[in-house]
Amino acid sequence: PARDDTPTRPRPFLNEGTIWTAVFVLLGLAARTVRWRGDTPLWGDEAAVALNLLDRGYRALAGALDLGQVAPLGFLWIERTLLLGLGPSEAALRLAAFVAGTASVLCFCWLGHLLFAVPLHLRERPNAEGLGEPAPHPELASVLPFAIFAVAYYPIRYSAELKPYALDLLGACLLQG
């Protein structure tokens, strides 16, 4: 049989994978925002970090912290700057984690599409005539890892705490890219 050399139609930008990615981006961002805006009081370790930030200047934060706390110096300086600039509120103290947590959603989305993109040879499957026929939903393969991350409990939780974990997560994500 004669082979049809007609090029296959390019997939539209707005496909199922793009739609589901957008849904999970919005879910992840909304969950982090709700958690951050919940105005929950500082818990034990957060309060201990906050006391160190209130009682010390930038130079003193480079030494051993009180109350058994350990944190990276860059994190402490960012938090001290936010404390001085925005005042001592829970939302201000958790702002750095919130920004890092929301940025990690976007970073992980980008990273997921980079690492889990469906190879071209899997995007089409041969039909009875040997011609390329679009596979049912190849773009959904890169959505699953991101979807799990976007709604996972701990990344959401640490996006609204006065601890450096959300910044660690963002740093790790950026290093992978």
Side-chain angles (χ1 to χ4, degrees), residues 17-117 139-177:
T18 306
I19 292 168
W20 280 111
T21 298
V23 165
F24 282 105
V25 164
L26 293 175
L27 274 174
L29 295 176
R32 284 156 179 80
T33 302
V34 166
R35 180 87 181 191
W36 177 63
R37 295 301 300 158
D39 279 335
T40 56
L42 296 176
W43 62 277
D45 275 355
E46 287 183 298
V49 172
L51 287 173
N52 279 287
L53 293 168
L54 286 168
D55 295 342
R56 297 166 176 258
Y58 289 99
R59 183 181 295 239
L61 287 171
L65 300 177
D66 294 333
L67 305 169
Q69 294 302 303
V70 178
L73 184 58
F75 168 76
L76 293 170
W77 284 357
I78 289 169
E79 290 298 336
R80 176 75 180 160
T81 302
L82 289 170
L83 177 74
L84 294 174
L86 302 175
S89 70
E90 285 90 352
L93 288 171
R94 292 172 173 157
L95 181 62
F98 173 70
V99 170
T102 55
S104 70
V105 170
L106 302 175
C107 181
F108 201 88
C109 176
W110 166 75
L111 187 62
H113 283 288
L114 237 147
L115 295 176
F116 299 106
E139 54 280 319
L140 293 179
S142 65
V143 175
L144 184 59
F146 170 69
I148 293 169
F149 171 79
V151 297
Y153 173 73
Y154 286 107
I156 293 169
R157 173 184 168 182
Y158 292 132
S159 293
E161 287 192 1
L162 179 56
K163 299 300 274 181
Y165 309 132
L167 283 87
D168 295 342
L169 177 62
L170 177 60
C173 185
L174 291 171
L175 286 174
Q176 293 299 313

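Here, residue 1 is the first one in the sequence, and each next residue gets the next number. Treat the numbers as computed from the prediction; the structure is a model and nothing was measured.
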Salt bridge (charged side-chain N to carboxylate O under 4.0 Å, His left out) against Arg32, all qualifying residues, sequence neighbours excluded:
none
Going by heavy atoms in the side chains, are Leu76 and Leu65 under 4.5 Å from each other?
yes
Restricting to non-hydrogen atoms, name the atom on Cys109 and the atom on Thr21 that form the minimum distance, rounded to 0.1 Å.
SG-CG2, 3.3 Å
Trp43, CH2: over 12 other non-hydrogen atoms inside 6.0 angstrom:
yes
From Phe24 atom CZ to Leu144 atom CG, the distance as rounded to the nearest 0.5 Å
8.5 Å
I want to check something: taking the side chain as every heavy atom from C-beta on, are Leu83 and Leu93 in contact at a cut-off of under 4.5 Å?
yes
Nearest atoms (heavy-atom pairs only) where Ala96 meets Leu167:
O-CD1, 3.9 Å
Got a second to check how far Asn52's CG is from Arg80's CZ, nearest 0.5 Å?
11.0 Å
Under 3.5 Å: donor-acceptor pair, side chain of Glu46, backbone of Leu162:
yes
Show me the donor-acceptor pairs within less than 3.5 Å that the side chains of residues 150-159 make with the rest of the protein, sequence neighbours left out.
unit_1 : atom_1 : unit_2 : atom_2 : d
Arg157 : NE     : Glu161 : OE2    : 2.7
Ser159 : OG     : Pro155 : O      : 2.7

Results of side-chain hydrogen bond (donor to acceptor under 3.5 Å, both in side chains) for Asp66 - residues two or more places apart only
Arg56
Within the 4.5 Å heavy-atom criterion, are Val105 and Phe146 side-chain neighbours or not?
yes
Aromatic ring pairing Phe108/Phe149, orientation class (parallel under 30°, perpendicular over 60°, tilted between)
parallel
Minimum heavy-atom separation for Val143 to Gly17, with atom names?
CG2-O, 3.4 Å
Should Glu90 and Thr40 count as side-chain neighbours, where that means a heavy-atom distance under 4.5 Å?
no
Measuring from Leu175:CG to Cys107:SG, what's the distance to the nearest 0.5 Å?
9.5 Å
Nearest heavy-atom contact between Ala97 and Ala166 is O-CB, 3.5 Å
Note, Leu53 side chain near Leu61 side chain (heavy atom, < 4.5 Å)
yes
On a heavy-atom basis, the closest approach of Ala91 and Arg37 is CB-NH1, 4.0 Å
Interatomic distance, Ile78 atom CD1 to Leu95 atom CG [nearest 0.5 angstrom]:
10.5 Å
Residues Ala47 and Leu42: closest non-hydrogen pair is N-CB, 4.1 Å
